[in-house]
Amino acid sequence: MTEPLHILHVTDPHLHAHRDAMMRGLNTFESFVAVIDHVAAGQRKPDAVLATGDLVQDETRQGYERFRQVVSKLDVPVHCVPGNHDSPRIMAEVLGKPPFHFCGSHSYGNWRLLMLNSTVRWDDGGRLEPSQLKILETALHKHPHEHVLIALHHHPLPTGSHWLDGLGLRNSDEFLRIIDGCTNVRAVAWGHVHQAAETMRNNVLMFSTPSTGSQFLPDSDVFMMDSRPPGYRWIELQPDGSLETEVVWLS
Ligand SMILES: [Fe+2]
């Protein structure tokens with residue numbers, strides 16, 4: 001691999017069965033289409049898409065078909081993990097065949113994408129069950145010379161918002177212990193928090209990406225909407241294991 005990989009990160013589109021459905025005053029379908037159209041019209045072309053959950057709001061097959069139809073426009077592999085509003089079963093049925101991939105481990109040159117399922121039925125917070133921790137641990141040890149980008153829905157680090165931090169990854173200590181024990185993890189990406197944040201932790205870039213719909217107000221102890229527009233993120237993976245990212249807001 002000599003060229004960087006350009007990954008498009010989209011998250012939390014919250015699509016519905018009906019294209020005219022509104023959520024918090026926003027048509028989530030139109031907003032998602034606007035994001036994908038913005039990418040398609042830009043100079044930079046993605047090599048792959050990461051979609052980190054809450055792809056639908058109403059757990060409907062039609063919502064996933066709508067997602068598939070819109071993203072297919074980009075004509076690249078799409079790697080998906082479920083969020084608390086998703087149905088992992090229906091999602092895997094609709095988004096489980098190439099170029100769509102539901103969770104799992106995928107290599108691109110000397111980079112590996114590890115897509116983890118952190119959802120728990122009837123809980124808006126998340127947990128990595130032993131089977132997911134095993135997938136993580138096995139992949140990290142099996143491919144020690146590959147640079148790894150991990151993606152999941154729930155935040156493994158606190159946001160500083162009291163209400164959101166009650167809905168994060170409930171066993172983040174187990175997750176962080178595993179990545180702390182390896183030297184090949186370069187970045188961890190998540191959704192769920194509807195806001196942009198980045199921090200370096202033990203040489204691993206940890207970041208959240210805004211929703212393709214509406215955003216939550218950062219640092220608020222109670223649920224508050226932010227006035228920021230829909231957004232997405234570019235992640236540029238370099239052959240030497242370094243990476244750069246940039247959030248794009250739709251004005
Ligand atoms: Fe979520």
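In each ligand, atom 1 is the first atom listed, and ligand 1 is the first ligand listed. As the structure is a computational prediction, the values presented were derived from the model and not from experiment. Hydrogens, waters and symmetry mates are skipped; everything else that's a heavy atom, side chains included, is used.
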Atom pairs and distances, donor-acceptor, side-chain atoms in residues 133-142, under 3.5 Å, two or more places apart:
from, atom 1, to, atom 2, distance (Å)
Thr138, OG1, Lys134, O, 2.7
His141, ND1, Glu137, O, 2.9

Phe175 ring center within less than 6.0 Å of His154 ring center: no

For residues 242-249, tabulate all N or O donor-acceptor pairs below 3.5 Å that involve a side-chain atom, not counting sequence neighbours.
from, atom 1, to, atom 2, distance (Å)
Ser242, OG, Asp240, OD1, 2.7
Thr245, OG1, Glu198, OE2, 3.3
Thr245, OG1, Arg233, NH1, 2.6
Glu246, OE1, Arg44, NH2, 2.9

Is there a donor-acceptor contact under 3.5 Å from the side chain of His194 to the main chain of Ser214? yes

Count, waters excluded, of protein N, O or S atoms under 2.8 Å from the Fe ion (ligand 1): 4

Please report, to 0.1 Å, the donor-acceptor pairs under 3.5 Å made by any side chain of residues 81-92, with sequence neighbours excluded.
from, atom 1, to, atom 2, distance (Å)
Asn84, OD1, His153, NE2, 2.9
Asn84, OD1, His192, ND1, 3.2
Asn84, ND2, Asp124, OD1, 3.0
Asp86, OD1, Leu55, N, 3.2
Asp86, OD1, Val56, N, 3.3
Asp86, OD1, Tyr64, OH, 2.6
Asp86, OD2, Asp54, N, 2.6
Asp86, OD2, Leu55, N, 3.3
Asp86, OD2, Gly83, N, 2.7
Ser87, OG, Ile90, N, 3.2
Arg89, NH1, Glu93, OE2, 3.3

Parallel, tilted or perpendicular: rings of Phe223 and Trp163 (30°, 60°): perpendicular

